[in-house]
There are 2 protein chains.
Amino acid sequence: MDENRDRPTGQHRATIREVALAAEVSTGTVSRVAAGSPRISEATRQRVLKAMKELSYQPNAAARAMRTNVSRTVGLLIPDLTCPIFSRVAAGAEPVLSAAGYMLFTYSSNRNAAREIDFLNAARQRQMDGMIVSVSGEGGAEMIEGLRGVGSPMVVLDRELPLDTDSVFNEHYQAMRTAVEHLIAFGHRRIGLICATEKIRPGRERCRAYRDAMGASGLPLDPWLIRATGQGHDYGHAEAQSLMLTRGAPTALISAGSDTFCGTLRALRSLGLSIPEDVSLVGADDIEIGPVAGPAITMIERDMFEAGRLAARFLLDRLEGVDGPARRLILDSRVVMRQSVAAPGSGVSGSHLRHGTG
Amino acid sequence: MDENRDRPTGQHRATIREVALAAEVSTGTVSRVAAGSPRISEATRQRVLKAMKELSYQPNAAARAMRTNVSRTVGLLIPDLTCPIFSRVAAGAEPVLSAAGYMLFTYSSNRNAAREIDFLNAARQRQMDGMIVSVSGEGGAEMIEGLRGVGSPMVVLDRELPLDTDSVFNEHYQAMRTAVEHLIAFGHRRIGLICATEKIRPGRERCRAYRDAMGASGLPLDPWLIRATGQGHDYGHAEAQSLMLTRGAPTALISAGSDTFCGTLRALRSLGLSIPEDVSLVGADDIEIGPVAGPAITMIERDMFEAGRLAARFLLDRLEGVDGPARRLILDSRVVMRQSVAAPGSGVSGSHLRHGTG
DNA sequence: CTGTTAGCGCATTCAT
DNA sequence: ATGAATGCGCTAACAG
């Protein structure tokens, strides 16, 4: 129980040279032992190991990275850590990478393009061996340039970018068509859509599916009902409010995007609208909320843990030298039916007041 | 030509020497320009800047870190990225650190002590300048040793550890007392508690508050009603089921811990118990779910963004050389009343069937 | 103001 | 099987 605490902060870190000195060998030998080289006699190996332990030697990663150009580190860039969709990607990727001896460091840009570029530069500067990237936008020459400059293997998540990298996509089109057609089957003709901007793949796919589904059923397209400009809780709240507080309000709403959906749900509640009597609702992504909301919400769901796992596997392949053209993988989504969809007009017609015994 | 060395997919990265050559200056001058030194003539500065841009020069962080022992990097260790409580810490800390020129890298251990130690070692090896640490347990000599070994400033979140570091705590005791007393005021005498193990501060504080509140009201303590052994969705689900599926079932439940609460909520719903008629419920932490659940749930809430911000500020102080004894700060919690608490026995007595029109 | 020089800690090649 | 020597790219101390 001897506590060698010479200094309150900044204890001395043993270098390879000190270990060599203590073990009475050369630094080269220590290095070989640390690397697990077989060309070392058992005797000296033990001696070195002992010295390392006594000095609690930890190789300096910076020096090693500089010498070898390898850091056994992978970076994950996501727009928003607090959004379940993205945190699940991290949680899915981490065990895969960890098992292969890589540390995964996650960076959240808070949807700030400048910070995304900062991160890409930092990753390059810190010689991260690989990257999993979920950028918030698809535009921006500087962004593309930054991504091109990364120089190490990279996997892109659910974005269409002019890059020659492996990608993992989510299926959005079929799921959204199913959702819209489901509502139409219940008799809805005016369906509001709240989702991300068409400037990024998820928004683009979802809007396209919405339009196709409406068209296929011969229903008119009212552009006023399509809200595809933003994301987040407040966005979902504001758009839902705007849609529902009007004469021509839709009888059903699809709010796609995890925080967006949550905002929409709160807006409907605070307006005193009951689901599905006053308005039917289909949500997306926030799988924790769907089943416990009042009532349970029909949702478009996707397995983002799996997306993270697959992205990590793609990356590991490249890290281990697998060559070949860029791979693209599309991960399925599904619609989980619950109690938030019903025929239109089952509530007190023309009124936004909650009905029933409440 | 060993231009590309061992880099897997490496494009060539310009070094400071190449920039010096192109700008016809010495490497020292380039270094000074990069560092923004004022002792440089405008002419050469421009020349160097131009060369840097043309070669798209990015300083090698590993080399720089090795030379200076500074990486302008901060590590955040959390038990589980997908848990809103922790991801909010990251989201709160990041802007503060970012504004001060530090990059925040988040590592999620998935509540695995071995990975936590791995991270601490990695952080040390990679010369992270500081750490914000939320370890899953409070025990473990190896863990403590690992934390002691981090030689750089550190802020600990809501854990009592035998360390001399700044800490940010959450207030749990008062909030829990308020919650219990609230239930007692409604007439509840058998109140179930589901929370984290008493081996860590949050569980310890909450259990203590529960016992004190019950005792202060002269109510008997039934140890069977206290479930303090785990955490997570499944744990909250299982314990709620176990508690409610018995003759002596409690009339009210407090489920503290974000995923835990969510599991409890699902369990109650799947049992067909209606809240608050069959059982009153107080949740915690998952502020997204509380207001939109059916019915809206009374919750113990705390601002983890603020915890992250404060931890980051503490750390920045130390990074900027502020000296002095370890600081401890306790962040308030509050109980937000909603519709999930009522007098006991307002449901169909002796039955677990949902009542009402559904 | 700017060039020169000397390492930082490590992995590696070339000797032995 | 092991030691000696050589930079990796960069910053900082010291000269001019």
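Side-chain nitrogen and oxygen atoms of A:Ser41 include at least one within less than 4.0 Å of the OP1 or OP2 phosphate oxygen of D:dT2.
For the side-chain hydrogen bond (donor to acceptor under 3.5 Å, both in side chains) test, residues two or more places apart in sequence or in another chain that qualify with A:Arg309 are A:Glu306. When the side-chain hydrogen bond (donor to acceptor under 3.5 Å, both in side chains) test is applied to B:Ser31, no partner is found at least two apart in sequence or on another chain. With sequence neighbours excluded, the residues forming a side-chain hydrogen bond (donor to acceptor under 3.5 Å, both in side chains) with A:Glu18 are A:His12, listed by chain and number. A:Ser136 pairs by the side-chain hydrogen bond (donor to acceptor under 3.5 Å, both in side chains) definition with A:Glu116, not counting sequence neighbours. Scored by the salt bridge (Lys or Arg N to Asp or Glu O under 4.0 Å) test, B:Asp317 finds B:Arg327 as partners (sequence neighbours excluded).
What separates CE of A:Met52 from C1' of C:dC10 is a distance of 14 Å, to the nearest Å. The nearest whole Å value for the distance from the CZ atom in A:Arg13 to the C1' atom in C:dG9 is 11 Å. Going from atom CD of B:Gln46 over to atom P of C:dT2 covers 12 Å, rounded to whole Å. Rounded to whole Å, atom P of D:dT2 lies 13 Å from atom CD of A:Glu24. Look at CZ on A:Arg39: it is 11 Å from P on C:dT13, rounded to the nearest Å. In this entry the distance linking CG of B:Asn69 with C1' of D:dG9 reads 15 Å, nearest Å. Remark: C1' of C:dA11 and CD of A:Gln127 are 15 Å apart, rounded to the nearest angstrom. A:Arg47 places its CZ atom 15 Å from the P atom of D:dA1, with the value rounded to the nearest Å.
Taking the screw axis at each terminus of the helix from C:dC1-D:dG16 to C:dT16-D:dA1 from five consecutive base pairs, the angle between the two is 40° to within rounding of 10 degrees.
Identified under the ring pair (Phe, Tyr, Trp, His ring centres under 6.0 Å) test for residues 112-163 of chain A, with sequence neighbours left out: A:Tyr107-A:Phe119. Applying the ring pair (Phe, Tyr, Trp, His ring centres under 6.0 Å) test to residues at least two apart or on different chains, none of the pairs has a partner in residues 138-159 of chain B.
Rounding to the nearest 0.5 Å gives a distance of 9.5 Å between CG of B:Leu157 and CZ of B:Phe169.
In the model, A:Thr73 has no side-chain atom that pairs as donor or acceptor with a side-chain atom of A:Arg126 under 3.5 Å.
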Contact letters for nucleotides 10-16 of chain D, in which S counts primed atoms plus P, OP1 and OP2 and B counts the base, heavy atoms under 4.0 Å: BBBB---

